[in-house]
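Predicted model only: the values in this text are computed from it and were never measured.
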Amino acid sequence: MKKFDITGKTYGRMLLCLLAILAIELAFLMLHPLVHIDSGWTAEVSNMLASEGRMAAPSWSGFLNQEDYFFWRPPLFFVFEAAIFKLLGFGLLQVGLLNAFIILATFAIVITEAKKLYGKPAAIVASAVLASNFMYLLHGVFHGRPDPLVGLLNLISMKYLLEYSSTRAKKAFLLSAFFASLSALTHELGLLMVATVAIVLVKENGMKDLLRTLLQLVKMAAIFIAVFIPYLLYASMQPAIFSEQVGWLLGRHGSIQNVIQDEVIRYYWAFTTNSGAMAPWFAFFMALMIFTAIRRDFSPIPLAIFMHLFLMFFIGNKATYYYIAIVPLAALLAGKIFSEISMDEMKSRIAIGAVLLTFLSSIALFGYFALKVSPQFDFFALNSALASEKYGMVVAQPAYYYAMQGRMYSAYAIFNRIDRGESLPSVISQLKPGAFYYDPLNLEASSPPEFKQYLLEETALVKIVCARNGRVYYDADCKDDKYRVEIYKPKQA
């Protein structure tokens, strides 16, 4: 019987097949956006940076002074997104294009590193893990968040950290520290990669050369400070706003018990709202980590993943999204474990199976959209319809910033201000909106009772809008549709 073997041509064809599947998936996700709340918020900050040269979120007027300056997140992702807006204009496609490029770059590095470290079959398996990861692609493209960029920078940092572990090259260590610092400049989650680099340095050198270890740590700290200096100089222009926003972030979690409870709820949400589509990848990921723990493998890649697993809860409150930042490292770990299989023919068979699994996963992705997402908002059509309405300043959830840029307030900003003790009449009187765009699907559970009561008593329903497959429907045609936007106008306006 002819043996399966991944030689030059076979390897190239399999990689080309994986790349084609990934490109089709990314193009599909870009053209069928299901915009997340964070995406609109992030896009607003980037759009303000592109147009006015400052990070700000005017739609969040009155909440922690975000309308003046935004220090909620470090700036690197906003800088890249602002550059895209400068070059290509503002819009949904542009946001998808940035994250698609980041994911393709991540895919390329996973392939080259896995091939160099573990061989061609392992490179196929590692890249297949990335290309078929439903959660990584869905959240990475849709949500317009910085997590995929954090994942890319962590991966580059790990590339040089592995080189340092094997060669003790000073340049490799410094480059690893540099890219880990850039990761932290993208999102505070990157601090865990900075910590990983420092731990590997101490672990590799131990107490044998304490002076050299301390000197390397000082160099690493200098790199970190140098990377952050421009941002800190920018923040020093508004120290009160900076300290207020950072202080709110540091204090928002409460007790450790609250953090754990919040994350249990988020994981439950991740499983239930996506029809279990993400469950296989959570199971696969946890199997990787359990297998690694049993073997007591705490080399740099598993160490970085364990650091994120155990500490990401305390960095932020969205671990189901932060998972995206460690998927590239998990792909490399899968390649590493796979490379340790002793039977070469079995390796080739599994690698070919991984390509087939990626193909089947892409079919499942498209099937999921056909059954679950296509009946929902057509954001391109809906945004076009909302942008044409003449209500002046409106209140809407942040995802609609794409349609209402420059003339909206965030409903979530209102809710946060109420949570902090302000009365709804006071907030409304300050904003004087021309209309309210109420999205029942997204706002029903999170709206405070006062806001719903206000809509009932102080406003009149003037229009209901929904969109499907490029067509926009109004009032009776989508009145009972849960994927709709209700437009209210204050009675006295």
Legend entry - Rounded distance (nearest 0.5 Å) linking atom OG of S59 with atom CZ of R407: 13.5 Å
Legend entry - K432 atom NZ, over 12 foreign heavy atoms within 6.0 Å: no
Legend entry - Side-chain heavy atoms of I487 within contact of I464, under 4.5 Å: no
Legend entry - Verdict with supporting geometry, S447 and Y438, side-chain contact (heavy atoms from CB on, under 4.5 Å): CA-CA 10 Å; S447 299; Y438 189 76; 3.3 Å; yes
Legend entry - Gap between atom CZ of R484 and atom SG of C478 - 0.5 Å precision: 8.0 Å
Inset, instruction - Would you check if L92 and F379 make a side-chain contact, meaning some heavy-atom pair closer than 4.5 Å? - result: yes
Inset, instruction - Could you walk me through whether Y401 and N47 pass the side-chain hydrogen bond (donor to acceptor under 3.5 Å, both in side chains) test, one step at a time? - result: CA-CA 10 Å; Y401 178 77; N47 196 30; 3.1 Å; yes
Legend entry - Donor-acceptor contact present, side-chain R54 to main-chain D68, <3.5 Å: yes
Inset, instruction - Might you confirm whether atom CZ of R471 has over 12 heavy atoms from other residues, nucleotides or ligands at distances under 6.0 Å? - result: no
Legend entry - side-chain contact (heavy atoms from CB on, under 4.5 Å) evaluation trace for F71 with Q238: CA-CA 10 Å; F71 299 113; Q238 296 291 333; 4.1 Å; yes
Inset, instruction - For L382 and V472, run side-chain contact (heavy atoms from CB on, under 4.5 Å): C-alpha distance rounded to whole Å, both residues' side-chain angles, the deciding distance at 0.1 Å, then the answer. - result: CA-CA 7 Å; L382 186 63; V472 178; 5.7 Å; no
Legend entry - Note, L137 side chain near L130 side chain (heavy atom, < 4.5 Å): no
Inset, instruction - Examine distances only and state if a side-chain atom of E44 and a backbone atom of Y402 form a donor-acceptor pair shorter than 3.5 Å. - result: no
Inset, instruction - Compare every heavy atom of A387 with every heavy atom of A403, then report the nearest pair and how far apart it is. - result: O-CB, 3.5 Å
Inset, instruction - List in chain and number order the residues that pass ring pair (Phe, Tyr, Trp, His ring centres under 6.0 Å) with F380, two or more places apart in sequence or in another chain; answer none if no residue qualifies. - result: none
Legend entry - Over 12 non-hydrogen atoms of neighbours within 6.0 angstrom of CG in D419: yes
Legend entry - Under 3.5 Å donor-acceptor, D147 side chain and I324 backbone: no
Inset, instruction - For T42 and S39, indicate whether the former's side chain and the latter's backbone hold a donor-acceptor pair under 3.5 Å. - result: no
Legend entry - Minimum-distance pair of heavy atoms, taken over all atoms of E486 and P440: OE2-CG, 3.7 Å
Inset, instruction - Please check if any side-chain donor atom of Q66 sits under 3.5 Å from a side-chain acceptor atom of W41, or the reverse. - result: yes
Please list, one pair per line, the donor and acceptor atoms closer than 3.5 Å that link side chains of residues 94-111 to other protein atoms, with sequence neighbours excluded.
residue, atom, partner, partner atom, Å
Q94, NE2, L88, O, 3.0
Q94, NE2, G89, O, 3.1
N99, ND2, G140, O, 2.9
T106, OG1, I102, O, 2.8

Inset, instruction - To the nearest 0.5 angstrom, please state how far the CD1 atom of I305 sits from the CG atom of L329. - result: 5.5 Å
Legend entry - Those residues that, when tested against S127, pass side-chain hydrogen bond (donor to acceptor under 3.5 Å, both in side chains) (two or more places apart): none
Inset, instruction - State whether K482 and E444 are salt-bridged, where the test is any N-O pair (Lys NZ or Arg NE/NH1/NH2 against Asp/Glu carboxylate O) under 4.0 Å. - result: no
Legend entry - Non-hydrogen atoms of E67 and A56 that approach each other most closely: O-CB, 3.8 Å
Legend entry - Pairwise side-chain contact, E113 with L155, heavy-atom cut-off 4.5 Å (strictly under): no
Legend entry - Q245 side chain to W72 backbone, donor-acceptor under 3.5 Å: yes
Inset, instruction - Take atom NZ of K115 as the centre, draw a 6.0 Å sphere, and report whether it contains more than 12 heavy atoms from other residues, nucleotides or ligands. - result: no
Inset, instruction - For residues Y437 and Y488, establish whether the separation of their ring centroids is below 6.0 Å. - result: no
Legend entry - Value rounded to 0.5 Å, distance of CG in L49 from CZ in F80: 12.0 Å
Legend entry - Heavy-atom donor-acceptor pair, S183 side chain to F179 backbone, under 3.5 Å: no
Inset, instruction - State, yes or no, whether a side-chain contact exists between P75 and L185 at a heavy-atom distance under 4.5 Å. - result: yes
Inset, instruction - May I ask you to test the N416-L64 pair for a side-chain heavy-atom distance under 4.5 Å? - result: no
Legend entry - Criterion side-chain contact (heavy atoms from CB on, under 4.5 Å) on M307 and I199, from CA distance to verdict: CA-CA 10 Å; M307 286 279 291; I199 290 171; 3.8 Å; yes
Inset, instruction - Check A467 against A381 and note the closest heavy-atom contact, atom names and distance. - result: CB-CB, 3.9 Å
Inset, instruction - Mind checking side-chain contact (heavy atoms from CB on, under 4.5 Å) for A177 and listing every partner two or more places apart, or none if nothing turns up? - result: M220, I223
Legend entry - Minimum side-chain heavy-atom gap K489-K463 below 4.5 Å: no
Inset, instruction - Verify whether the ring centers belonging to Y454 and F436 lie closer than 6.0 Å. - result: yes
Inset, instruction - With rounding to the nearest 0.5 Å, note down the distance linking NE2 in H308 to CG in L303. - result: 10.5 Å
Inset, instruction - Verify the ring-centre separation between F415 and F63: is it less than 6.0 angstrom? - result: no
Inset, instruction - Locate the shortest heavy-atom distance separating Y234 from M55; write the atom from each residue and the value. - result: OH-N, 3.0 Å
Legend entry - Any residue meeting side-chain contact (heavy atoms from CB on, under 4.5 Å) with S176, in chain and number order, not counting sequence neighbours: S157, Y160, L161, V197
Inset, instruction - Using a strict cut-off of less than 4.0 Å between a Lys/Arg side-chain nitrogen and an Asp/Glu carboxylate oxygen, indicate whether R468 and D481 qualify as a salt bridge. - result: yes
Inset, instruction - Mind listing the closest non-hydrogen atom pair of P398 and Y412 along with its distance? - result: CD-CD1, 3.2 Å
Inset, instruction - Measure the CD1-CZ distance between I326 and F306 for me, rounded to the nearest 0.5 Å. - result: 10.5 Å
Inset, instruction - Please find out if less than 6.0 Å separates the ring center of F70 from that of F78. - result: yes
Legend entry - Set of salt bridge (charged side-chain N to carboxylate O under 4.0 Å, His left out) partners for E450, sequence neighbours left out: none
